[in-house]
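Shown next, in structure tokens, is the structure this report addresses.
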Amino acid sequence: MNLYYELLRYPVFSMKEVKSLYSSERTARAALEKLLRRNMVVKIRNGLYSCISGENGGTVANRFQIATAITPTSYVSHHTAFEYYGVADQVFYDVYVSSETRFHDFFFDGYTYHFVKSQTDDGVVMPEFSGGIKVTDKERTIVDSIKDINKIAGLEEVIECVTSMVNINERRLLKYIEAYNNPFLYQKTGFILSEYQAEMSVSDSLINECKTRVGCVKRYLTNGITDPAYSSDWRIVYPRNLKSLKNGVTEYA
């Protein structure tokens with residue numbers, strides 16, 4: 001048996017997969033250590049490994065596959081999900097991983113993997129031919145990114161990504177907003193969708209549904225606004241040059 005070729009079946013693997021190929025744990029660990037010494041396998045973090053490609057010398061697993069394998073409940077989310085869908089304006093070297101099980105942030109192969117507490121597993125999908133990647137669907141990615149706009153990516157990048165999404169499922173989007181039960185999320189999402197309604201081709205009914213759930217509290221769309229404007233329809237304070245943010249102005253990001 002050639003252990004390396006057996007392990008190539010798994011983009012990311014643990015000792016569980018190695019031990020299944022041997023009669024004893026001691027033999028399995030010795031075989032794995034041999035591959036590590038020969039630089040045929042690399043350790044990602046405690047308990048997680050990937051093979052090194054004989055073709056290009058890189059890790060077989062990509063960052064999305066690694067994120068999916070960190071815990072049994074982990075999945076790609078937020079800006080990293082936008083990157084997976086190919087709509088991100090820029091590549092981050094931070095990988096955002098939602099999980100019910102906490103893990104310590106870690107660095108591997110140029111990327112830092114960040115834990116985000118998962119509040120629901122609704123909207124998590126495993127796309128066909130993805131190599132086992134679990135990722136939030138487009139609508140859940142939009143909602144999560146707007147919800148955490150001050151924590152991840154920032155206003156400019158979130159707007160760039162959100163408004164690049166087309167043919168969104170409006171009922172699904174509302175379902176995810178409702179799952180968080182947060183009036184501010186209706187407020188932020190509805191405001192952004194109304195500002196970019198033409199670009200995203202969203203319906204009046206979606207915007208009106210968000211508007212009915214806003215409440216009566218005035219809030220700030222994001223932190224650090226230096227030239228504010230106010231929307232009485234949405235009771236929200238936003239950067240006056242909001243529209244130009246999408247064209248590369250970073251003053252309020």
Practice item. Taking T189 for its side chain and L185 for its backbone only, find out whether a donor-acceptor pair lies under 3.5 Å. Key: yes

Point to revise | Validation row: E178, Y186 side chains within 4.5 angstrom (heavy atoms) | key: yes

Exercise for review: For L221 and V237, run side-chain contact (heavy atoms from CB on, under 4.5 Å): C-alpha distance rounded to whole Å, both residues' side-chain angles, the deciding distance at 0.1 Å, then the answer.
Suggested key: CA-CA 6 Å; L221 177 63; V237 179; over 6 Å; no

**Study point:** Side-chain (E209) to main-chain (L174) donor-acceptor, under 3.5 angstrom
**Key:** no

Study note, to complete from the structure: Closest non-hydrogen atoms of A153 and H79, given as atom of the first, atom of the second and distance, are CB-CD2, 4.1 Å

**Study point:** Residue K117 excluded, over 12 heavy atoms near NZ under 6.0 Å
**Key:** yes

Review point. So I142 and I168, side-chain contact (heavy atoms from CB on, under 4.5 Å) or not? Walk me through it.
Key: CA-CA 10 Å; I142 290 172; I168 63 173; 3.8 Å; yes

Review point. Just by modelled atom types, is the N182 backbone N or O under 3.5 Å from a matching donor or acceptor in the K147 side chain?
Key: no

Practice item. Using a 4.5 Å cut-off on heavy atoms from C-beta on, say whether the side chain of Y85 contacts that of M165. Key: yes

Check your understanding: Any side-chain heavy atom of L193 within less than 4.5 Å of one from L206?
Key -> yes

Check your understanding: Is there a donor-acceptor pair closer than 3.5 Å between any side-chain N or O of E83 and the backbone N or O of A88?
Key -> no

Point to revise | Whether over 12 other heavy atoms sit under 6.0 Å from N167 CG | key: no

**Study point:** Ring centroid separation F108 to Y113 under 6.0 Å
**Key:** no

Point to revise | Side chains of F191 and K188 in contact at under 4.5 Å (non-hydrogen atoms) | key: no

Review point. Any side-chain donor-acceptor pair under 3.5 Å between Y75 and S118?
Key: yes

Practice item. Please determine which of L32, I44, L7, V12 meets the side-chain contact (heavy atoms from CB on, under 4.5 Å) test together with Y49. Key: L32

Review point. Would you find a donor on one side and an acceptor on the other, under 3.5 Å apart, between the side chain of S50 and the backbone of A61?
Key: yes

Practice item. May I ask you to decide if R240's main-chain N or O and D227's side chain share a donor-acceptor pair within less than 3.5 Å? Key: no

Exercise for review: Just do the side-chain contact (heavy atoms from CB on, under 4.5 Å) check on R235 and R219 with the steps written out, would you?
Suggested key: CA-CA 7 Å; R235 300 183 180 90; R219 297 182 174 93; over 6 Å; no

Exercise for review: Show the numbers, then the answer: is there a side-chain hydrogen bond (donor to acceptor under 3.5 Å, both in side chains) between Y84 and R63?
Suggested key: CA-CA 10 Å; Y84 176 80; R63 64 188 186 278; over 6 Å; no

Point to revise | Other residues, nucleotides, ligands: >12 heavy atoms within 6.0 Å of N56 CG | key: yes

Review point. Using 30° and 60° as the class limits, which term best fits the ring planes of Y96 and H114: parallel, tilted or perpendicular?
Key: parallel

Practice item. Look at E33 together with R29 and state whether they make a salt bridge at an N to O cut-off of under 4.0 Å. Key: no

Check your understanding: Hey, is CZ on F107 packed in by over 12 heavy atoms from elsewhere, all under 6.0 Å?
Key -> yes

Review point. Are a donor atom and an acceptor atom from the side chains of N150 and T222 found within less than 3.5 Å of each other?
Key: yes

Review point. Below 4.5 Å, heavy atoms only, C-beta onward: do F64 and T80 meet side chain to side chain?
Key: yes

Check your understanding: Do I133 and N62 have side chains that get closer than 4.5 Å, going by heavy atoms?
Key -> yes

Review point. Can you tell if the side chain of V166 reaches within under 4.5 Å of the side chain of M200, non-hydrogen atoms only?
Key: no

Check your understanding: Is it true that a side-chain atom of Y4 and a backbone atom of I52 form a donor plus acceptor pair closer than 3.5 Å?
Key -> yes

Practice item. Could you tell me whether the side chain of Q187 and the main chain of W234 form a donor-acceptor pair under 3.5 Å? Key: yes

Revision key, fill the gap. Closest non-hydrogen contact found for F184 with I236 is CE1-CD1, 4.3 Å

Practice item. With side-chain hydrogen bond (donor to acceptor under 3.5 Å, both in side chains) as the test, would you mind laying out the steps for T141 and T136 before giving the verdict? Key: CA-CA 6 Å; T141 304; T136 50; 2.7 Å; yes

Point to revise | salt bridge (Lys or Arg N to Asp or Glu O under 4.0 Å) contacts in which one or both residues fall within residues 164-177, not counting sequence neighbours | key: D122-K175, E139-R172

Exercise for review: Report yes if some heavy atom in the side chain of P127 is under 4.5 Å from a heavy atom in the side chain of V135; otherwise report no.
Suggested key: yes

Practice item. Could you check E157 against F92 for side-chain contact (heavy atoms from CB on, under 4.5 Å), going step by step and ending with a plain yes or no? Key: CA-CA 11 Å; E157 184 68 12; F92 281 20; 4.1 Å; yes

Check your understanding: Just by distance, with hydrogens left out, do S99 and T71 show a side-chain donor and acceptor under 3.5 Å apart?
Key -> yes

Check your understanding: Above 12 or not: heavy atoms from other molecules or residues under 6.0 Å from CZ of F106?
Key -> yes

Check your understanding: Got a donor-acceptor contact below 3.5 angstrom from the S74 side chain to the T68 backbone?
Key -> yes

Practice item. Please lay out, stage by stage, how E17 and S14 fare under the test side-chain hydrogen bond (donor to acceptor under 3.5 Å, both in side chains). Key: CA-CA 6 Å; E17 286 74 34; S14 66; 2.9 Å; yes

